Asker: 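Here it is: the structure, laid out below.
These figures come from a predicted structure and were not determined experimentally. Chain A is the first sequence line, chain B the second, and so forth, proteins listed ahead of strands; every chain is numbered from 1.
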Amino acid sequence: MADDKKLTTRAADFSAWYNELVLRAELADYSPVKGSMVIRPNGYGIWERMQRALDDKFKATGHRNAYFPLFIPESFLKKEAQHVEGFAPECAVVTHGGGKKLEEPLIVRPTSETIVYHMFAKWVQSYRDLPLLINQWANVVRWEMRTRLFLRTLEFLWQEGHTAHATHDEAEEETRRMLGVYRDFMEGWMAMPVVTGQKSESEKFAGALRTYSCEAMMQDNKALQAGTSHNLGQNFAKAFELQFQTEAGGLDFAWNTSWGVSTRMVGGLVMTHGDDNGLVTPPKLAPIEVVIVPIWKSDEERGRMTDAAYALRNELQSWTGRGTHDPLRVHVDAREGVKPGAKYYEWEMQGVPLRLELGPKDLEKQSVFSARRDTRAKAPIPMAGVCEGVAAILETMQRELFDAAKARREANSYRGPITYDRFKEIMEGPGGFVYAGWNGDPAVEAQVKEETKATIRVIPDAEFRSPDAPTTCMVTGQPAKYEVVWAKAY
RNA sequence: CGGGGCGUAGCUUAGCCCGGUAGAGCGCCUGCUUCGGGAGCAGGAGGUCGGAGGUUCGAAUCCUCUCGCCCCGACCA
């Protein structure tokens with residue numbers, strides 16, 4: 001009886017733990033259509049907070065939101081050779097509408113480069129129209145063979161930024177800037193440390209010149225590609241005749257970038273911070289940061305305690321110590337007929353960062369009893385200064401979640417000279433990030449993937465590289481062209 | 001598309017070999033007692049046993065077909 005209330009532990013079966021958590025925390029549920037899911041209010045609430053934070057960052061870097069249609073003419077996809085090769089196999093295609101066969105099939109967008117740059121071509125005439133900085137929040141469809149809640153579903157929600165620039169260097173700067181924005185968000189809001197860097201040729205976006213990525217390590221030591229930013233060069237501009245008059249009077253193709261993050265990040269958040277009791281949400285992304293549970297025995301006490309709980313909520317909500325635009329998000333759980341213990345388990349499963357218990361004894365002592373979700377640390381907070389006290393705990397928790405995740409990642413990262421045999425041991429065993437030399441040959445990359453299922457996650461940016469750069473390729477022993485991060489990935 | 005598992009109440013499932021009144025736990029509703037870490041008692045609602053054929057006096061159970069889902073692989077944000 002007690003057992004079926006517990007989650008499968010991470011140690012016993014990480015995959016089962018993840019699925020159970022997502023369902024039990026009511027983040028999402030399976031839909032009647034295979035491979036697609038319903039995002040429930042608990043999960044959507046986290047996504048909304050992600051959206052808000054990211055949208056502010058996009059606006060602050062000069063982007064404006066727009067919306068492009070769901071349907072794309074099939075012919076558009078075919079205009080960029082690599083793009084069609086990459087995406088055609090996973091596209092949903094509409095062949096009928098209004099009871100009639102369509103003259104030209106419509107693709108349900110797997111991503112919107114083609115239609116966006118088709119439109120850009122109409123809007124851009126001169127270098128004065130550049131840069132054009134657009135973002136859209138949308139759903140996209142990719143017909144994946146194997147799906148997983150939040151991590152890979154047929155349809156998912158994301159944001160896709162699309163920009164056009166006059167020069168390669170400007171486009172490159174934008175590509176890197178947005179990768180930085182993603183990193184700031186993932187580390188500052190999700191408390192999820194990432195390794196940034198460039199993708200190898202085989203892993204880059206179909207149609208891009210270069211792809212950069214944020215890679216996070218999950219608690220099973222596998223990598224999650226959490227966000228990508230692409231320098232598209234002039235590939236799409238040429239395919240869609242996106243040209244402009246230069247300052248000198250000539251004609252040139254524009255330079256494009258695109259970048260995106262998706263609801264997959266919710267899955268990343270779960271697998272970064274969740275524990276065997278359920279979800280752990282970083283305070284900054286928690287739809288509810290604080291839940292107050294009033295404790296009573298008699299009816300008389302129930303009245304007094306719920307009143308006190310709502311009064312405490314009002315005090316917390318109206319506190320402006322974090323600024324008027326960032327009030328504490330507080331919920332009172334005054335349900336009758338559910339015992340306090342049952343409420344504790346429920347809110348822990350849902351990942352609410354801080355629980356406040358308020359009973360007659362606390363009221364007498366003019367304090368409230370707090371329990372932190374991640375460490376389970378419990379301590380009374382004096383009513384005088386309760387807002388500051390609560391805010392301080394949340395701030396500490398946000399920081400410590402990041403520190404803990406980063407320490408875990410580093411503990412499972414391997415640097416220094418390594419043999420291919422040792423590498424195989426790591427990948428068959430605990431897994432993790434292995435920093436090693438690579439001769440740059442795609443055949444080596446393919447061989448390692450075939451033999452170990454590990455892939456090159458990124459060619460890391462300078463700050464992530466080892467103090468002593470590897471000099472030889474881990475597999476061939478030839479001179480290393482790059483230091484790369486190997487890992488099994490989601 | 002290969003390999004494995006499974007479809008019985010909202011959920012988890014027993015029953016299936018060996019055909020004969022469809023059972024349990026959780027959840028839900030009502031009432032009373034409870035309430036500082038998953039409450040107890042009493043009463044109650046809820047089922048075309050995934051679907052279609054067949055065998056049989058009789059099918060959740062046996063046979064055939066079919067649909068769907070989950071997990072593991074190949075592919076991918």
Asker: If you assign F205(A) and P340(A) each to the RNA chain B nucleotide with the nearest heavy atom, which residue ends up on the more 5' nucleotide?
Answerer: P340(A)
Asker: Work out how far the P atom of A60(B) is from that of G23(B), and round it to whole angstrom.
Answerer: 13 Å
Asker: Counting Watson-Crick and G-U wobble pairs with both distances under 3.5 Å, what is the dot-bracket string for RNA chain B, 5' to 3', using [ ] for crossing pairs and | for pairs to another strand?
Answerer: (((((((..((((......[..)))).((((((.....)))))).....(((((..]....))))))))))))....
Asker: Rounded to whole angstrom units, what separation is found between the CG atom of N277(A) and the P atom of G38(B)?
Answerer: 14 Å
Asker: Roughly, in whole Å, what's the span from CD in E85(A) to C1' in C75(B)?
Answerer: 14 Å
Asker: Quick test of your reading of the model: are R355(A) and E348(A) salt-bridged, counting only N-O distances below 4.0 Å?
Answerer: yes
Asker: Is the charged tip of R176(A) near the ring of Y212(A): under 6.0 Å from the six-membered ring centre and within 45° of its axis?
Answerer: yes
Asker: Just checking E155(A): base, sugar-phosphate only, or nothing, at a heavy-atom cut-off of under 4.0 Å?
Answerer: nothing
Asker: Between the side chains of R52(A) and D56(A), is the shortest nitrogen-to-carboxylate-oxygen separation below 4.0 Å, so that they form an ion pair?
Answerer: no
Asker: Indicate, with a heavy-atom threshold strictly under 4.0 Å, whether T211(A) touches base, sugar-phosphate, or nothing.
Answerer: nothing
Asker: Taking atom C1' in both G36(B) and G43(B), compute the distance separating them and give it to the nearest angstrom.
Answerer: 31 Å
Asker: Side chains of T153(A) and R148(A): any donor to acceptor distance under 3.5 Å?
Answerer: no
Asker: Looking at F68(A), does the NZ or CZ of R109(A) lie under 6.0 angstrom from its six-membered ring centre and within 45 degrees of the ring axis?
Answerer: no
Asker: Holding to salt bridge (Lys or Arg N to Asp or Glu O under 4.0 Å), I want the full list of residues that pass it with E215(A), two or more places apart in sequence or in another chain.
Answerer: K199(A), R457(A)
Asker: Calculate the interatomic distance between E450(A) atom CD and C75(B) atom P; express it in whole Å.
Answerer: 9 Å
Asker: Measure NZ/K297(A) against C1'/U33(B) and give the value in whole Å, please.
Answerer: 14 Å
Asker: Just compare G38(B), C75(B), G37(B) and give me whichever is closest to any side-chain atom of E144(A).
Answerer: C75(B)
Asker: Tell me: CZ of R376(A) to P of G37(B), nearest whole Å?
Answerer: 12 Å
Asker: Taking D275(A) as the fixed residue, which of R10(A), R373(A), R376(A) is the one that meets the salt bridge (Lys or Arg N to Asp or Glu O under 4.0 Å) rule?
Answerer: R373(A)
Asker: Decide, yes or no, whether a salt bridge links E364(A) with K361(A) under the criterion of side-chain N to carboxylate O below 4.0 Å.
Answerer: no
Asker: If you only use heavy atoms from C-beta on, which nucleotide in G36(B), G37(B), A74(B) is closest to the side chain of M145(A)?
Answerer: A74(B)
Asker: Contact class for L151(A) vs. all strands (heavy atom < 4.0 Å): base, sugar-phosphate, or nothing?
Answerer: base
Asker: Could R142(A) and W158(A) be counted as a cation-pi pair, given that NZ or CZ must be under 6.0 Å from the ring centre and within 45° of the axis?
Answerer: yes
Asker: To the nearest angstrom, how far is E336(A) atom CD from C32(B) atom P?
Answerer: 12 Å
Asker: Are E445(A) and K449(A) ion-paired here, with the side-chain N under 4.0 Å from a carboxylate O?
Answerer: no
Asker: NA contact type, Q225(A), heavy-atom cut-off 4.0 Å: base, sugar-phosphate, or nothing?
Answerer: sugar-phosphate
Asker: Would you mind reading off the distance between R302(A) atom CZ and U33(B) atom C1', rounded to a whole angstrom?
Answerer: 15 Å
Asker: So that I can tick it off, tell me whether R372(A) and D374(A) are bridged by a salt bridge, with the cut-off set at under 4.0 angstrom between side-chain N and carboxylate O.
Answerer: yes
Asker: Between U33(B) and G68(B), how many Å separate the two C1' atoms, rounded to a whole number?
Answerer: 46 Å
Asker: Nearest-nucleotide wise, let me know which of E203(A) and Y344(A) is further upstream toward the 5' end of RNA chain B.
Answerer: Y344(A)
Asker: With heavy atoms under 4.0 Å as the rule, sort R335(A) into base, sugar-phosphate or nothing.
Answerer: nothing
Asker: Does K343(A) have a side-chain nitrogen or oxygen under 4.0 Å from the phosphate oxygens OP1 or OP2 of C35(B)?
Answerer: no
Asker: For the P atoms, the ones on U55(B) and on U64(B), what distance do you get once it is rounded to whole angstrom?
Answerer: 15 Å
Asker: Considering only nitrogen or oxygen atoms on both sides, find all protein atoms under 3.5 Å from nucleotides 66-71 of chain B and state each distance.
Answerer:
unit_1	atom_1	unit_2	atom_2	d
C69(B)	OP1	K34(A)	N	3.0
C71(B)	OP1	N19(A)	ND2	3.3

Asker: Base, sugar-phosphate or nothing for K199(A)? Non-hydrogen atoms, less than 4.0 Å.
Answerer: nothing
Asker: Separation of E451(A) atom CD from A74(B) atom C1', in whole Å?
Answerer: 17 Å
Asker: How far does the C1' atom of C29(B) sit from the matching atom of U66(B), given to the nearest Å?
Answerer: 39 Å
Asker: Considering only G37(B), G36(B), G38(B), which nucleotide approaches the side chain of K378(A) most closely?
Answerer: G37(B)
Asker: Which part of the nucleic acid does P89(A) contact within heavy-atom distance under 4.0 Å: base, sugar-phosphate only, or nothing?
Answerer: nothing
Asker: Mind checking the P distance from G58(B) to G53(B)? Whole angstroms is fine.
Answerer: 15 Å
Asker: Does E348(A) get its side chain close enough to the base of G37(B), under 3.5 Å, for a donor-acceptor pair?
Answerer: yes
